[in-house]
Amino acid sequence: MELRSDAVVFFGVTGDLVAKKLFPALYELTRRGRLDLPVIGVARSRWDDQQLITAARKSVVEANDRVDDEAFDRLAGNLTMISGDYADPATYQHLAEALSTAERPLFYLAIPPTVFGAVVDGLAAVGLAARGRVVVEKPFGHDLASSYELNDALRAAFAPERIFRIDHYLGKESVEGLRVFRFANRLFEPLWNAEHIDNVQITLAEGFGTEGRAGFYDRMGATRDVLQNHMLQVVALLAMEPPTGAGDDAFREEEVRVLRQVEPLSPDSTVRGQYAGYTDEPGVAPDSRTETFVATRLRVNSPRWAGVPFYLRTGKLMPGTATEVVVEFKAPQRDLVPAADGAGTQPNLLRFRLGRNDGITLSIQAKDPGAEVSSRPVELPVDFDAALGHRREAYERLLDDALDGRHLRFAREDAIEQEWRIVEPVLDLTEPVASYPKGSWGPADAEAMAGGWHPPTLR
Ligand code: BG6
């Protein structure tokens, strides 16, 4: 059992991620009695402690209907700020003084990858890396080659077991639920293969745009931002074989094994789109070819999935927000019951809602009322919030895990490298991206891709 960290430092504390996710996570951990240690914010902006506290309070108020003032005050009492340039050795000297009594500090790099190297070197130079853990936010590099460089830089300063790579989808209860669904239920396991499944569709749709971070997003695009990481992790959970043993290590090993079996994406079966008006946004290059939408077909080269396409699509400014997997089963072997509307029997669909309204819906055929024996689809829905109660947010769970030095919910280095290998052929394509209207499902070619997508449940 690893010892829990005794201080936590956020590089990039004035940024978007800390405001949206990490302050609320710190507050929640404090409220539950899981966090009472020095929390130091580092940023180039000249903030004092009070500004840090004010920013934290604003985030916590925005994320919660009701704030427990006593808990917030406890968090505020632990917050301090260090302003300084990431390339300036003085920044790290100040930090080392502030952490003089901390034996196992956790360093959270909520900063662009371009400054990872400077921060890691700075921490190493004052001896902090040797006794600390580091949490790295995605993107882990820009492509396969740069992910190797990033790993080399991290490993030069931190021992491998002290490096934590965040893919926050791994911290979501709903995504972890896929593991439970697959391996704690006998019901679907015999059907979970090419003999019974026709195709799998994964949609990560967002009803909003780049939300004030267009400059960052423009260097990224949808493939690097979410397809390479969040969506491929979901593919791995759906497609993996049962682990050879019961432990977490065996599970993680199997996840990586299936990623190795995924064929590299092909530009011919990939559609990239950009919403109309994107290039007018501040921070976006006027001639930008960055995709705000991507749809693709991938294949898992394993006997279980022979010939089964996995369709993936993600985009900004879609008709609504949803992260949903639809598993489409094959039609019955014999067509013995006609469909009520004469349109042909609808396939059984198993939907995993992985977003805010998480749950599962199974569509089955039921008898259409009346004199004729015909079928029509009905849905068996489960809403996890109603069935299981409130679950903790991904960032709260991940931060708690990192403080404890627990790796299960962090991305493995070899998994990330496989993910880059898979997307590499569709990165940096030079063809123009197809424009799509805001609030649509992307370019027409993408709509046609899965033979018509099953519309996800929007919120
Ligand atoms: C982040 C991306 O990693 O994931 C964002 O950078 C995206 O662009 C977000 O909006 C989606 O996460 P979630 O948890 O809201 O589905």
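Because the structure is predicted, anything quoted here is derived from the model rather than measured.
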Arg32 with Glu396: basic N within carboxylate O range, under 4.0 Å: yes

Salt-bridge criterion met for Glu176 and Arg179 (N-O under 4.0 Å): no

Note: Arg133-Glu2 ion pair, threshold 4.0 Å (strictly below): yes

Pair Arg34 + Asp400: basic N to acidic O under 4.0 Å: yes

Check against side chain to side chain donor-acceptor pair (under 3.5 Å), Tyr275 and Glu281: CA-CA 11 Å; Tyr275 61 76; Glu281 291 181 17; 2.7 Å; yes

NZ/NE/NH1/NH2 to OD/OE distance under 4.0 Å, Lys58 and Glu62: yes

Note: Glu263-Arg299 ion pair, threshold 4.0 Å (strictly below): no

Cationic N near anionic O, under 4.0 Å, Arg252 to Glu413: no

Euclidean distance, Glu328 CD relative to His454 NE2, rounded to 0.5 Å: 3.5 Å

Pairwise distance CZ(Phe384) to CZ(Arg353) - rounded to 0.5 angstrom: 8.0 Å

Salt bridge Asp225-Lys138, side-chain N to carboxylate O under 4.0 Å: yes

Cationic N near anionic O, under 4.0 Å, Arg412 to Glu253: yes

Presence of salt bridge, Lys172 and Asp358, under 4.0 angstrom: no

Aromatic ring pairing Phe183/Phe251, orientation class (parallel under 30°, perpendicular over 60°, tilted between): perpendicular

Asp69 bridged to Arg57 by N-O distance under 4.0 Å: yes

Arg421 CZ to Leu265 CG distance, which is reported to the nearest 0.5 Å: 9.5 Å

Side-chain heavy-atom pair Val42, Val13 within 4.5 angstrom cut-off: no

Electrostatic pair Glu173:Arg391 at N-O distance under 4.0 angstrom: no

Side chain proximity check, Glu211 to Lys20, heavy atoms < 4.5 angstrom: yes

Heavy-atom side-chain contact between Leu398 and His168 under 4.5 Å: yes

